[in-house]
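Here the structure is a predicted model, which is why all the values come from computation and not from measurement. We name chains A, B, ... by the order of the sequence lines, and we start the count at 1 in each one.
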Amino acid sequence: VTDLNAVLRRFGRLGKWKESVVLFEWMKKHNKLTAPTYTSYFSVLGKACQVDKALQAFEELEDQEIRSNLYLWNSMISTLISNGKVDKAFQFFRLMKEEGLVPDRITYSTMISGCSKALGGFYKAQELVKEMRDKDLRLDSVMYGALINVCASNHMVEEARATFDEMQAEGFVPNLFHYCSLLNSYALKGWHEQAEQVLADIKSAGLKPNKVVFNSLINAYARAKLPLKARGIFEEMTEYGLQPDMISFCSLMDAYAKAGQVEEAQQMFDQMKASGLKPGSNSYSILISAYGKSGKINMIRKLSQEIDHIIGGDLDIHLFNSLLKVYCQAGVMDGVMDILRKMDTQGCSPNRITFHILMAYFCKEDLCDLAIRTFQDMEARGYPANETSYTILIQGFVRYNKVKDSLDLLAEMHKRGVSPT
RNA sequence: CAUGAAUUGCCACCUUGG
């Protein structure tokens, strides 16, 4: 059984999650399921964006002994969080306590890292920290890393810096994770001077910057719409002895795309291929959005076909969403249908953003009842409506003078306590 | 045998610029 669990994990590392599903089902049929089987399985599914499968396995789990295993809950929570189902993760967190389990430091650090994807995540993270204090659990180095990242992804630059300082006051020595999260808080705002300063700090702390540091810095310049500077960092990292990776190329492509330089973005794409890197979903989705912004639908169709041939089964939700958005904006109905069909055959589950794109599209086309049905679908699939969801619908209704419906929605939104703004 | 932190791409509004 131990070996089978290892095989399960190996499938994951090779990106063969479908095989691991088969193996898992086989093990289930032969009563060979142990707690590590579940944790390994969840971990594989989490990385392959197949949360629904993990949730299903969890629900079908009847063995009480396994169900009271802390690792099981921790890895389920981790899977939910890496797939953006933060609300659900909090539900599980509550549920595990109700079942008498005591969260450990791994549970808390997983939950804290999940706060980077939640609206108002900073405050949720603070509550978790407080809860830990009450239980005499101390923050460790990893948790500080997660906390800084929570600040960064919520665009709270000051707080990121304060947390960074606080951890040092507590006697922790920052590592590359901490520096990178800090750098990223600046990068996300396009504050390239501060980002550069962090790079300097890394060097003077005697640490060797890695690709992540440089990539983040490229991103800082991308957001600042300074593609030439981004390019400069790209070259600097090469001189530093670091091979640009997929993310380096993508960040640079995006720098050009954001600056409206589609041709240069295309050039980087070609250069990436020439350097032996396989373009993945992310590079295609940058290109597609870039062409979409300049209204080149024929290029989109071409890329869309190319994708079918090149990446088999590796298409991810971001890419589908980008395609959907472009087709929706252009009002290309057959394109939209085509993508939805492909998602289905690829086994790629829609996320909240997918539903938002579709809702906006239906509203625009005056298909309000379809929009509402999509809204309900979304909630049924485990994505509770948030402020954005309501905003899209309300605006759609207002556009067609359905004032009464809008007001109803607004009331419903308040009643449900969705962050009223 | 199993679980935790950093870098790219997708959504309404807003802001800024075009």
Touch class at under 4.0 angstrom, heavy-atom based, for M143(A) against every strand present: base

Touch class at under 4.0 angstrom, heavy-atom based, for I247(A) against every strand present: base

Distance-only side-chain donor-acceptor flag, K135(A) / Y108(A), under 3.5 Å: yes

V150(A) backbone acceptor or donor facing N154(A) side chain under 3.5 Å: yes

Sugar-phosphate only, base, or nothing, as touched by T391(A) at under 4.0 Å among non-hydrogen atoms: base

Sugar-phosphate only, base, or nothing, as touched by D245(A) at under 4.0 Å among non-hydrogen atoms: nothing

Sugar-phosphate, base or nothing in reach of R399(A), heavy atoms under 4.0 Å: nothing

Start and end of chain A contact along RNA chain B [non-hydrogen atoms, under 4.0 Å]: C1(B) to C13(B)

Sugar-phosphate, base or nothing in reach of T39(A), heavy atoms under 4.0 Å: base

Touch class at under 4.0 angstrom, heavy-atom based, for L324(A) against every strand present: nothing

Donor-acceptor side-chain pairing of Y390(A) and R416(A) below 3.5 angstrom: yes

Sugar-phosphate only, base, or nothing, as touched by N219(A) at under 4.0 Å among non-hydrogen atoms: sugar-phosphate

Sugar-phosphate only, base, or nothing, as touched by T388(A) at under 4.0 Å among non-hydrogen atoms: base

Sugar-phosphate, base or nothing in reach of S285(A), heavy atoms under 4.0 Å: base

Sugar-phosphate only, base, or nothing, as touched by I286(A) at under 4.0 Å among non-hydrogen atoms: sugar-phosphate

Short N-O contact, E131(A) and K97(A), less than 4.0 angstrom: yes

First of N351(A) and K225(A) reached from the 5' end of RNA chain B, by closest nucleotide: N351(A)

Sidechain N-carboxylate O distance under 4.0 Å for D338(A), R341(A): yes

Whether Y186(A) and W191(A) hold their rings parallel, tilted or perpendicular, with breakpoints at 30° and 60°: parallel

K302(A) and E306(A) ion-paired at < 4.0 Å: no

Touch class at under 4.0 angstrom, heavy-atom based, for T110(A) against every strand present: sugar-phosphate

Touch class at under 4.0 angstrom, heavy-atom based, for R352(A) against every strand present: nothing

Sugar-phosphate, base or nothing in reach of N210(A), heavy atoms under 4.0 Å: base

